[in-house]
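These notes are about the structure you will find just below.
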Number of protein chains: 2
Amino acid sequence: MTNPTEPGPTVPTGSPQGIEAQSTNRAPRARPTIKDVAALAGVSLGTASRVLTNHPATSATAREKVRAAALSLGYQVNLRARSLRTSRTNAIGLIVPDIRNPFFAGLAQSIQSEGLDDGITVFIASSQEDPDQQDQHLRTLLKEQVDGLIVVPLGGMTPMLEQLRDQQIPFVTVDRTLDELKAPSVDADPLPGVYAAVEALRNLGHRRIVYVGSLLDSSTGRERLLAFDNAGDALLPGGDARMVIAAPLDDDGWLRELDSFLDDGATAAIFGHSRHALRAFGHLRDAGRVIGDRGVSLVSFDDLDVFSLLTPAITAITQHPEQLASRAMAMLSAMIGGDRPGSVRIETSLIPRESLAAPPAG
Amino acid sequence: MTNPTEPGPTVPTGSPQGIEAQSTNRAPRARPTIKDVAALAGVSLGTASRVLTNHPATSATAREKVRAAALSLGYQVNLRARSLRTSRTNAIGLIVPDIRNPFFAGLAQSIQSEGLDDGITVFIASSQEDPDQQDQHLRTLLKEQVDGLIVVPLGGMTPMLEQLRDQQIPFVTVDRTLDELKAPSVDADPLPGVYAAVEALRNLGHRRIVYVGSLLDSSTGRERLLAFDNAGDALLPGGDARMVIAAPLDDDGWLRELDSFLDDGATAAIFGHSRHALRAFGHLRDAGRVIGDRGVSLVSFDDLDVFSLLTPAITAITQHPEQLASRAMAMLSAMIGGDRPGSVRIETSLIPRESLAAPPAG
DNA sequence: AGCACGTTTGGAAACGTTTCCACAAGGGGG
DNA sequence: CCCCCTTGTGGAAACGTTTCCAAACGTGCT
């Protein structure tokens, strides 16, 4: 009856390759599965699973045995198998235009660590300001079955964005919004920060202020300029009190405009993009102009680390990226839970630093 | 024979819930599976799979029908199911100490887009310089069954790093290396860049140079200082030609040391950390010192965007993050393929800018 | 003593793939 | 004409989970 050439039933075949794997350390010892845990604990597969997922219907002894087995094996659940079964991944995707932009890096950091607290894995993707890369990342994330998406959309609509809109996958936009996709968004209201800046400048004695705008075709670019206009209307009613420069990102021509406005009596500048603020900072100092006290005041959107490292430190209008992050996460969670939350705006605010000071006497 | 109460074979049961899903648009229409594709194409599941994975054993007609069906359904493969079956994910994890550090942001960007080209998904995780977060991210990535890992390790060993070392999962370290984990690494050799900097300074007439070092307990911090010593030995043999400051990241006390060295006749400073270079830039200008031509020359490790925006633009020693990225990817791919590649060093090089100039006359 | 009930358990199905296996169809060479 | 080989196909198993279902096992009540 017992055939000596085939292994008898008394030999547990739980880890058949255990011995040979030991002989050569090239072969990666296969990761233990829940089946191994169950076998070692002497319980069924279902019981092991229930213990490890904290299902209430488990006995104390089963819990103890399974936990011990899992620990001694170094068992780690296979998330891909789990989510195949549960059709939930507890993962979301985040797509930013460029992770090298410090604002987006901060946003990503905040969102990811927010997720870490909530047990949600955040897959960060950076599209390098390229719609094709954005779509490619979107497609992969969908194939990865993420539960939802947080997107900082590039300028225009793309095939994948349309698909997102039409499909029912939960997603929110953050920072920038795109009217065409009817998704809830969380973005920053530039007015409070701009208003505070203009008001502070006026109270310090400034009478003529330049606004350097950029990306004027994006929602944020437009709204920041609009906010400057509104604040100016309310606080500096004089007709020639406000000057506006439209500055591209890759051409320094606008610096000449800025110089001539300053020569004409402007004593302060507000920048819609931190990049321009830094560029002007260097340029103005180089030209021998005083920045800060008794000189030209500078205020910039977005609060970069380097702003407080410079001398004088540059005043910022912050969009509170941590708040954007946490609201976006909350909204996305709500959507994944089945709700349809409304859009949200975060107030910007002013962070006064040395570059915000009195104009030259007289 | 034909029973009218059960659906005849002519009625395709491919998407049974199609109609009811249409009635209420709250219910997210379930994503089509390969089964739906096969049904619509009128072939078996296996055939559909073979077509979609470009298996050679498929007929032209099958390919045509399956492709058409997949297209019309908008079918996208479920990567989690696929990798459960194939035990490959075509995804790797990347862990950086802090994504807000522009150097790491650039590294991450390069690695991710490198992966995009190779069909590899790169999951980026930032540990905020916190070993616990690093380990937490490592654990999740392992549970996600990534094929491999690229790690910029924090200072010391941690439980998960030990597990990585002992387990057979392919991983490489980049930028920083940690002797304890015997993993192949790709990092930058600071000497060529530092040597070029010191040589250029000497040729311009500088005779006394300060080195501002940081993170001296990390491999990079140590090696950069060592490189400065070596370059100085070769190029500036005078005993008092070189001064060294150990600067912490969060305390500005070192600025006083810098001032006093400059007062003592030093005319140039090399910074091991870009943060310190920026801090000094602001401080020195504020103190009324000339930077650049006929003033104090500044050279900093890592090439930040803002360096070229400032005036004068700051000279950098670049570690060529794109090269680090592509070598790391290549090495990891090799490891995943079963090889055991050796470590690699990338030469740093000098990017001269305006802050590298002649010292004051006399 | 019997019965209903609550707790815990094992077994099996299912998630969406890929891939092995066996077989059918067709074609060419003996 | 038969056999063999190639090519393409369908069916089924398997990957590692969770969860449904039914059964086993006490326990407390009548």
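Since the model is a prediction, treat every value here as computed from it, not as a measurement. Chain letters run A, B, ... following the sequence lines, proteins first, then strands; residues in each count from 1.
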For [N], does OP1 or OP2 lie under 4.0 Å from any side-chain N or O of [X]?
X	N	result
B:Thr33	C:dG16	no
B:Thr47	D:dG10	yes
B:Arg85	D:dA14	no

*What bend angle does the helix from C:dA1-D:dT30 to C:dG30-D:dC1 show across its length, from five-pair end axes and to the nearest 10 degrees?*
60°
Nearest to the side chain of [X] - [options]?
X	options	answer
B:Val77	D:dG10, C:dT9, C:dT18	C:dT18
A:Ala57	C:dT8, C:dT18, D:dT19	C:dT8
B:Thr86	C:dT18, D:dT17, D:dT19	C:dT18

*C:dG10 base to A:Arg50 side chain: any donor-acceptor pair below 3.5 Å?*
yes
*For DNA chain D, whose closest nucleotide is more 5', that of B:Leu84 or that of B:Leu45?*
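Residue closer to the 5' terminus by nearest nucleotide: B:Leu45.
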*Note: B:Arg80-A:Glu144 ion pair, threshold 4.0 Å (strictly below)*: yes
_Would the distance check show the side chain of A:Ser185 and the main-chain N or O of A:Thr177 forming a donor-acceptor pair, the cut-off being under 3.5 Å?_
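Absent.
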*Residues of residues 59-67 of chain B with any non-hydrogen atom less than 4.0 angstrom from an atom of DNA chain C: list those, numerically ordered, please.*
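Correct list: empty, so none.
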